[in-house]
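This report concerns only the one structure given below.
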Amino acid sequence: MSGSSVYLMRQGNSTPALFDFPPTICERHDLMSIIALVIFIFFIPYAWLVWSSLNVKKGKIGKAHWAISMAIFLSLVIGSFVLNHFISDTYQLSFFQNGFETTVAIIVTAAFLLVVTLVNVIVSRTFKGAPTSVHNPKVVWIFAAMASATLLFFTLWVYPLADKFSYVFAVEDALAAAEERPDAEEITVVFMSSDKNCFRLSTSHCNGITYKNAFFLKNNLDIPKEVQVQIRALDAKQNELKVIESDIMTLEAGELKLVETEETSDESSIWSRFSFETDARTHSYESMYRYRDAE
């Protein structure tokens, strides 16, 4: 979007307005905490089911115990399907993650299974005739099957679902933030979050991981517009982190949409995308936007 006269540049002042939000705005929901919580909710019943299944075969517990764990797990899965359908329909999202992410999950699982298979075959031949206390191929096969099933379940269903939940929270927060802005704004720029995709098990574990920044645009006009925004991200000391322009985005009347730039991946599902990356957390920003009637 160059300096062509067909584009209108709208600013409230001669210089970009500086929006310095309190930390509670970008931290209203810790997105990785939401993802971790959803994974934990699924993991407990799943682990209980696996533990019950193994102990039923060993005769350590009765089938009634296993049936209870199975009923709880199935109820959770069915409930998540219903909730996923509701969210997907309400926010016009796809039910499953996209094909690229699904392919990656399958390849990772297949690679894991192949490695375990090769190790099991090699060890079985090397220690042929060894007692089962040293090497039990059957146990290894069972472990490989259960581990692969677990990996597929969490990468194909649980994590994408958790990521979708965090995206919905971000959208709702962005809508609320946009509503609080001046009514005279034609286009609203909303800074939503600046987080690392890291569960922060330890400080060193997250070193080297960049911050993923999510900005949203909202068209407050009554007709569709093509919009482009330039964002200057600043750290807590007002030092410049990055200046970046968005793609030319088409927004319907009243539509809210994630700001997409050259750093936004088209191969990711919409709920996994971000606007751009920075080496440090974005604390505030400056923005300018321009728009024209959608063609």
Under the rule for side chain to side chain contact (heavy atoms under 4.5 Å, CB included), what residues qualify as partners of [X], not counting sequence neighbours?
X	value
V171	Y91, Y167, L175, F216, L256
I223	K225, D293
Q92	none

Inset, instruction - Among residues two or more places apart or on two chains, list those pairs meeting side-chain hydrogen bond (donor to acceptor under 3.5 Å, both in side chains) that have a residue in residues 136-149. - result: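 side-chain hydrogen bond (donor to acceptor under 3.5 Å, both in side chains) check on residues 136-149 returns no pairs.
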Hydrophobic cluster mates of [X], side-chain heavy atoms under 4.5 angstrom, ILVMFWY only, any path?
X	value
V119	V115, V123, F127
L156	I106, L152
L118	L114

Inset, instruction - Name all pairs fulfilling the salt bridge (Lys or Arg N to Asp or Glu O under 4.0 Å) condition that reach into residues 229-241, sequence neighbours left out, sorted by first residue then second. - result: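 The answer is R232-E240, R232-E286.
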Can you tell if the side chain of [X] reaches within under 4.5 Å of the side chain of [Y], non-hydrogen atoms only?
X	Y	value
K242	T282	no
H135	V140	yes
T210	K196	no
D279	L241	no
L251	Y291	no
L93	W271	yes

Legend entry - Residue of the set Q228, M249, E255, K257 for which side-chain contact (heavy atoms from CB on, under 4.5 Å) holds with L217: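 Single pass found, and it is M249.
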Legend entry - Partners passing ring pair (Phe, Tyr, Trp, His ring centres under 6.0 Å) against Y46 (at least two apart in sequence or in another chain): F73, F153, F154
Inset, instruction - Please name all residues satisfying ring pair (Phe, Tyr, Trp, His ring centres under 6.0 Å) with F215, sequence neighbours left out, ordered by chain then number. - result: F191, F276, Y285
State, without any angle test, whether [X] and [Y] hold a side-chain donor-acceptor pair at a distance under 3.5 Å.
X	Y	result
W66	S53	yes
H65	N55	no
S194	N213	yes
S269	D163	no

Legend entry - Distance, nearest 0.5 Å, that separates CG of N120 from CZ of F143: 11.0 Å
Inset, instruction - Look up atom CD in Q97 and atom CG in L161, then write down how far apart they are to the nearest 0.5 Å. - result: 11.0 Å
For the side chain of [X] and the backbone of [Y], is there at least one donor-acceptor N/O pair under 3.5 Å apart?
X	Y	answer
T261	S275	yes
T90	I87	no
T278	A280	yes
R273	S265	yes
E101	S268	no
Q230	S287	no

N/O donor-acceptor pairs under 3.5 Å from side chains in residues 76-85, not counting sequence neighbours:
residue: S80; atom: OG; partner: L76; partner atom: O; Å: 3.4
residue: S80; atom: OG; partner: V77; partner atom: O; Å: 2.6
residue: S80; atom: OG; partner: W157; partner atom: NE1; Å: 3.1
residue: N84; atom: OD1; partner: S88; partner atom: OG; Å: 3.2
residue: N84; atom: OD1; partner: K164; partner atom: NZ; Å: 2.7
residue: N84; atom: ND2; partner: F95; partner atom: O; Å: 3.0

Side-chain donor-acceptor pairs under 3.5 Å in residues 34-44, sequence neighbours left out?
none

Inset, instruction - Answer with yes or no whether the hydrophobic clustering places L151 together with M146; edges join I, L, V, M, F, W, Y residues whose side-chain heavy atoms lie under 4.5 Å apart. - result: no
Inset, instruction - Report yes or no: do L113 and I142 belong to one cluster of Ile/Leu/Val/Met/Phe/Trp/Tyr joined by side chain heavy-atom distances under 4.5 Å? - result: no
